[in-house]
Amino acid sequence: MTELPKAYEPTVVEEKWQTRWMQEGCFHADPQSTKPAYSIVIPPPNVTGVLHMGHVLNNTIQDILARRARQEGKEVLWLPGTDHAGIATQARVEKELAKETPPRTRYDVGREDFVNMVWEWKEKHGGIIIKQLKKLGCSCDWERERFTMDNIFAPEVARAFAELFKQGLIYRGRRMVNWDPVLLTALSDEEVIMTPAKSKLYTIRYKLADGSGQLLVSTTRPETIMADVAVAVNPKDPRFAHLIGKTVIRPLVETEIPIIADEHVEIDFGTGALKITPAHDRTDFEVGMKNHLEIIDVLTADGHINCPDCPELHGLDRFVAREKSIEIIEAKGLLEKVEDYENNVGISQRSDVPIEPRLSMQWFLKYPCVKEAAEAVANGDIVFRPAHWAKTYAHWLEGIQDWCISRQLWWGHRIPVWYRKEKATALQEATKLDVEDAAAGDIYVGVEPPADPENWVQDEDALDTWFSSWLWPFATMDDECRAKFYPTSDLVTGPDIIFFWVARMIMAGYRFADGKPFSNVFFTSIVRDLQGRKMSKSLGNSPDPLDLIARYGADGLRFGLMRIAPTGTDVKFDEKQIEEGKNFANKLYNAARFRMMQGEAGTDPAPRFTAVHIDILAKLKELHTNVADAFAKYEFNTYTQALYSFFWNEYCSLFLEAVKNDLRDGADTAVRNATLYTIDIVLRHYLALLAPIMPHIAEELWQSLGFATRNGGQPLMLTELPKADALLAGLDDIAIAKARATATALYESANRARNLKAEYNLATNRKVRFILKPVAPLDTDTCARLALLAGALSADADASFEAPKGTPTTLTPFGELFLPLEGLVDVDAERSRISKELEKITKEITKSQAKLGNASFVDRAPAAVVDQERARLSEWENRKAQLESMLAALV
RNA sequence: GCACGGGUAGCUCAGUGGUAGAGCGGCUGUCUUACACACAGUUGGUCAGGGGUUCAAAUCCCUUCCCGUGUACCA
């Protein structure tokens with residue numbers, strides 16, 4: 001037994017159990033089980049993704065929930081999978097193409113071949129993250145792994161599209177969208193991040209066509225002046241009332257454009273006059289429509305100027321053109337001023353470049369079941385944790401806009417719409433297409449291609465990736481599975497995708513499945529670095545979880561992270577915390593090793609349990625309760641902390657240290673056995689409670705301590721949680737309370753004794769003899785344990801002990817404890833030590849006396865509080881007297 | 001601008017009316033027989049500032065400042 005290594009080595013153990021669990025089908029969910037169901041669907045990571053700390057946090061929580069649910073006797077489905085991630089994956093393969101010699105683009109390859117290339121890439125390199133999740137110990141049902149483009153999921157996406165189309169909620173229209181000029185696709189509003197930018201505000205003179213003056217107009221985008229079709233002023237603005245209806249000369253590609261009135265213009269902002277450029281600004285577009293203005297588009301899809309009438313700018317990049325246009329305007333003498341200006345610019349979440357408002361033909365969705373989705377969260381049918389996210393959610397739903405679901409990509413679900421060949425061009429240029437056009441027979445929408453494909457042309461666009469992910473909670477399940485496991489129990493995800501994913505899944509659940517997709521949503525915190533910055537590749541501040549697993553073990557990583565992950569705020573990641581997780585695993589391992597070194601417990605008919613035994617079992621019972629409470633509230637840090645402090649502080653530092661002598665040779669068998677029984681009970685319960693968070697080491701020790709053998713070899717993973725009720729079942733509350741009081745007094749006395757030794761600079765291992773003058777009769781067992789805990793040869797009770805003057809002493813719950821020493825140390829040092837403590841105590845006494853002298857306090861505070869204060873004061877006064885006599889004895 | 005979250009020991013964080021806590025770090029001892037990934041002791045705090053309610057405030061209320069997040073935008 002003793003040949004076990006001194007330090008825990010997680011790597012081998014973790015791999016061993018991951019393999020065994022999977023071989024034995026421990027993660028597999030049985031839809032026909034009669035047990036109550038518990039289910040989670042994984043937030044599918046991008047198939048291109050690699051594991052980062054956010055995933056670790058998120059999936060550890062899911063694993064904890066799943067494993068705990070299994071212990072509670074539930075049939076658990078944790079359904080894994082990956083997301084095809086349209087833009088990211090396509091970009092990945094395009095990057096490969098660009099590296100070839102000569103470099104190629106997807107257009108060189110052609111759509112069909114390109115999509116095949118992406119599939120090949122996916123088969124070869126995709127899903128690394130799945131392997132990584134396995135290394136973390138995730139107990140997903142890997143036999144049910146799904147992919148958002150697999151041949152079961154994909155038809156569901158098309159079906160959803162077709163149904164919504166037929167319902168009139170999906171339409172195709174020519175509208176202003178967020179255009180990414182690098183990726184050359186439209187994006188949804190959610191994919192645009194408004195970012196403060198240091199810009200310039202240019203004020204430009206627009207001359208009145210009749211020569212009667214000029215109008216000053218401010219803009220941040222002078223490169224679009226050629227697309228101005230009007231200048232607008234507020235109708236209530238007296239400064240400009242007389243100008244409405246006149247015309248000004250557009251400064252670039254000079255022509256007359258009207259001055260119009262529109263309430264959208266803020267009187268107080270800038271000059272009070274606004275250039276109207278409907279093709280390149282969302283609100284200008286609205287103003288343009290309202291006033292029936294022309295739309296002049298002067299930008300290409302990739303953000304270059306397209307304006308042959310302005311040869312100096314034509315073909316230039318939009319930002320180069322901005323500078324150049326100002327040069328031209330200045331040369332014309334039309335530049336009034338340039339100011340620094342901070343405004344918000346929409347940045348593409350995907351490519352990090354400013355998006356361009358662009359008029360284009362796209363597919364849009366009017367969200368279904370918005371009302372049901374809002375109510376479900378408002379009335380608590382779906383519970384958000386932390387609760388404050390419900391407000392964010394509600395706010396978004398209130399101002400919800402139609403969702404632009406088409407993307408100009410090739411990798412993804414192609415829009416299941418076909419146009420009749422001879423009319424295809426005309427149809428695709430129509431300003432709006434909807435269900436009525438389908439009724440006319442010119443367009444076909446369906447899951448399967450039309451029966452006569454040669455007569456049809458399919459829409460070129462693909463769907464937004466989130467248009468498939470929003471079906472994830474049910475489109476991943478077959479009917480049998482859905483009957484058992486839908487709606488799912490918990491969803492664990494980051495608050496950053498509350499709109500992208502969570503809200504949309506709720507709507508989809510109500511629209512396509514049997515209602516809500518999940519009952520609880522747990523929003524994790526965001527993992528930041530120690531400076532509080534988000535972890536990102538570009539900052540290089542994101543540790544590699546696999547590296548952390550290699551150095552600290554998956555269990556160490558999980559435990560360390562959970563211990564610092566608060567609910568409701570962000571986590572600042574500190575590798576030290578992970579090291580603590582590893583240290584904890586080592587502590588656990590060694591405590592188990594200590595037990596293994598003792599051999600089997602005998603079969604004693606009357607094991608003699610003492611106060612410390614009962615005390616630790618009572619604490620174990622409390623731990624059960626605390627853990628259950630923490631789970632009920634989804635407080636994973638509380639759960640982890642409770643496990644940590646019970647084991648390290650209560651079990652190892654107090655209990656084990658107090659019982660070590662029971663295990664030595666020659667110890668009383670009845671006590672020895674009581675101790676071994678207690679240790680076994682504690683470890684058995686504890687490992688079960690710990691298993692959800694540190695599954696590998698818990699399972700390993702469960703096996704090596706022989707708990708599995710006693711249970712027919714069944715792994716801990718499949719073992720139900722031991723019942724807390726059975727603990728201390730034979731004892732009444734009074735006996736328990738009495739034993740616990742004795743144990744508490746013992747531990748407190750041991751602390752005092754150790755303090756006393758330390759104060760006199762005696763080494764921890766210095767064998768001294770204490771003498772206790774007890775206030776009540778004390779048994780020898782307790783005295784012996786006190787001596788052991790205090791690192792002393794003895795701590796015998798002697799009611800008649802008369803301490804020589806100057807004997808160091810301290811007050812313990814058992815009575816005065818003396819440390820008789822010969823040749824007492826430095827008198828000066830001793831005097832100053834006592835004086836210091838006296839000073840401190842006197843201060844406390846003054847404070848306490850003032851409090852008790854306050855009539856309001858005594859009258860109005862609860863009696864218990866007042867009593868407590870009195871007890872405290874009397875204790876201090878006793879100690880003060882003691883110190884004073886010690887001081888006197890020194891002279 | 002609006003909304004939400006946060007500011008407690010050197011660091012990471014607990015603590016929602018009753019003596020300010022944990023772990024790590026620092027310092028001092030100890031290789032005491034499960035564990036030096038350890039043990040024992042110890043040092044650290046005008047609980048962001050100000051005001052209020054209360055016998056009693058880190059905790060409740062008001063206010064200011066700082067950090068973070070979301071959201072809306074005016075060129």
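Just so we're on the same page: letters track the sequence lines, and every chain starts at 1. It should be emphasised that the depicted structure is a prediction, and the values quoted were computed from it without experimental measurement.
Between A:K275 and A:F594, the residue anchored nearer the 5' end of RNA chain B, judged by the nucleotide with its closest heavy atom, is A:F594.
For the pair A:K757 NZ and B:rU42 P, the computed distance is 14 Å after rounding to whole Å. Between the C1' atom of B:rU33 and the NZ atom of A:K767 lies a distance of 11 Å, rounded to the nearest Å. For A:L788 and B:rA40, the CG to P distance is 12 Å, given to the nearest whole Å.
The C1' atoms of B:rG5 and B:rC74 are separated by 29 Å, rounded to the nearest whole Å. Across B:rC24 and B:rC39, the matching P atoms stand 8 Å from one another, rounded to whole Å. Across the P atoms, B:rC66 and B:rG49 are found 15 Å apart, a figure rounded to whole Å. Using atom P as the reference point in both B:rU30 and B:rG21, the two lie 30 Å apart (nearest Å). Spacing between B:rG70 and B:rA36 at atom C1', rounded to whole Å, works out to 48 Å. With both ends at atom P, the span from B:rU53 to B:rG23 equals 39 Å, rounded to whole Å. A gap of 30 Å separates the C1' atoms of B:rA22 and B:rC61, to the nearest Å. Distance noted for atom C1' between B:rG6 and B:rC13: 12 Å (whole Å).
Nearest heavy atoms, A:I697 versus A:A585: CD1-O, 3.3 Å. Considering all non-hydrogen atoms of both residues, A:F594 and A:K660 come closest at CZ-CG, 4.1 Å. Of all heavy-atom pairs between A:A698 and A:L687, the closest is CB-O, 3.7 Å.
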Do any N or O atoms of the protein come closer than 3.5 Å to N or O atoms of nucleotides 36-38 of chain B, and which pairs are they?
residue, atom, partner, partner atom, Å
B:rC37, O4', A:N583, OD1, 3.0
B:rC37, O2', A:N586, ND2, 2.9
B:rC37, O2, A:N583, OD1, 3.4
B:rA38, O3', A:K587, NZ, 3.2

So which protein nitrogen or oxygen atoms get under 3.5 Å of nucleotides 68-72 of chain B's nitrogens or oxygens?
residue, atom, partner, partner atom, Å
B:rA72, N6, A:N344, ND2, 3.2

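A salt bridge between A:D662 and A:R785 is present, with a side-chain N of the basic residue lying under 4.0 Å from a carboxylate O of the acidic one. The pair A:D340-A:K198 fails the salt-bridge criterion, with no side-chain N (NZ, NE, NH1 or NH2) lying under 4.0 Å from an Asp/Glu carboxylate O. Salt bridge annotation for A:D237-A:R239: present, with a cationic side-chain nitrogen under 4.0 angstrom from a carboxylate oxygen. The pair A:E580-A:K576 fails the salt-bridge criterion, with no side-chain N (NZ, NE, NH1 or NH2) lying under 4.0 Å from an Asp/Glu carboxylate O. Using a 4.0 Å cut-off between charged side-chain N and carboxylate O, A:R672 and A:D665 make no salt bridge.
In this structure, A:T283 reaches the B:rC74 phosphate: one of its side-chain N or O atoms is under 4.0 Å from OP1 or OP2. OP1 or OP2 of B:rG41 sits under 4.0 Å from a side-chain N or O of A:N751. Between A:N755 and B:rU42 there is a side-chain polar atom (N or O) within less than 4.0 angstrom of OP1 or OP2. Within the 4.0 Å cut-off from OP1 or OP2 of B:rC4, at least one side-chain nitrogen or oxygen of A:K391 is found.
Every residue two or more places apart in sequence or in another chain that forms a salt bridge (Lys or Arg N to Asp or Glu O under 4.0 Å) with A:E622 is listed here: A:R740. Scored by the side chain to side chain donor-acceptor pair (under 3.5 Å) test, A:E869 finds A:S848, A:R872 as partners (sequence neighbours excluded).
Listed nucleotides B:rC13, B:rC11, B:rA34 differ in distance to A:D574; the shortest reach to its side chain belongs to B:rC11. Here the nucleotide nearest the side chain of A:R754, chosen from B:rG5, B:rA40, B:rA34, is B:rA40. With distances taken from any side-chain atom of A:Q868 to the nucleotides B:rU30, B:rG23, B:rU19, the minimum falls on B:rU19. Closest to the side chain of A:R872, from the set B:rU19, B:rG25, B:rU12, is B:rU19. Comparing B:rU33, B:rG41, B:rC24 by their nearest atom to the side chain of A:A758 picks out B:rG41. Comparing B:rC4, B:rA14, B:rG18 by their nearest atom to the side chain of A:H388 picks out B:rC4. The A:H264 side chain lies nearest to B:rC74 when the options are B:rC74, B:rA34, B:rC24.
Partner A:S749 forms a side-chain contact (heavy atoms from CB on, under 4.5 Å) with one of A:L789, A:T812, A:L811 and no other, that one being A:T812. Partner of A:F384 under the ring pair (Phe, Tyr, Trp, His ring centres under 6.0 Å) criterion, chosen from A:W389, A:Y634, A:Y393: A:Y393.
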Would you list the atom pairs, donor with acceptor, under 3.5 Å between side chains in residues 215-228 of chain A and any protein atom, with sequence neighbours excluded?
residue, atom, partner, partner atom, Å
A:S218, OG, A:T203, OG1, 3.0
A:T219, OG1, A:R221, N, 2.9
A:R221, NE, A:E223, OE2, 3.1
A:R221, NH1, A:E356, OE2, 2.5
A:R221, NH2, A:E223, OE2, 3.1
A:R221, NH2, A:E356, OE1, 3.2
A:R221, NH2, A:E356, OE2, 3.0
A:E223, OE1, A:R322, NE, 3.1
A:E223, OE2, A:R322, NE, 3.4
A:E223, OE2, A:R322, NH2, 3.0
A:T224, OG1, A:R221, O, 2.9
A:T224, OG1, A:K275, NZ, 2.9
A:D228, OD1, A:K275, NZ, 2.8
A:D228, OD1, A:T277, OG1, 2.8
A:D228, OD2, A:Y206, OH, 2.6

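A:E580 contributes no side-chain N or O that forms a donor-acceptor pair with the base of B:rA22 under 3.5 Å.
Non-hydrogen atoms lying under 4.0 Å from RNA chain B are contributed by A:S856, A:F857, A:R860, A:A861, A:P862, A:V865, all within residues 856-866 of chain A.
The shortest distance between side-chain heavy atoms of A:L274 and A:V233 does not fall below 4.5 Å.
When both distances must be under 3.5 Å, the Watson-Crick or G-U wobble mate of B:rA38 is B:rU30.
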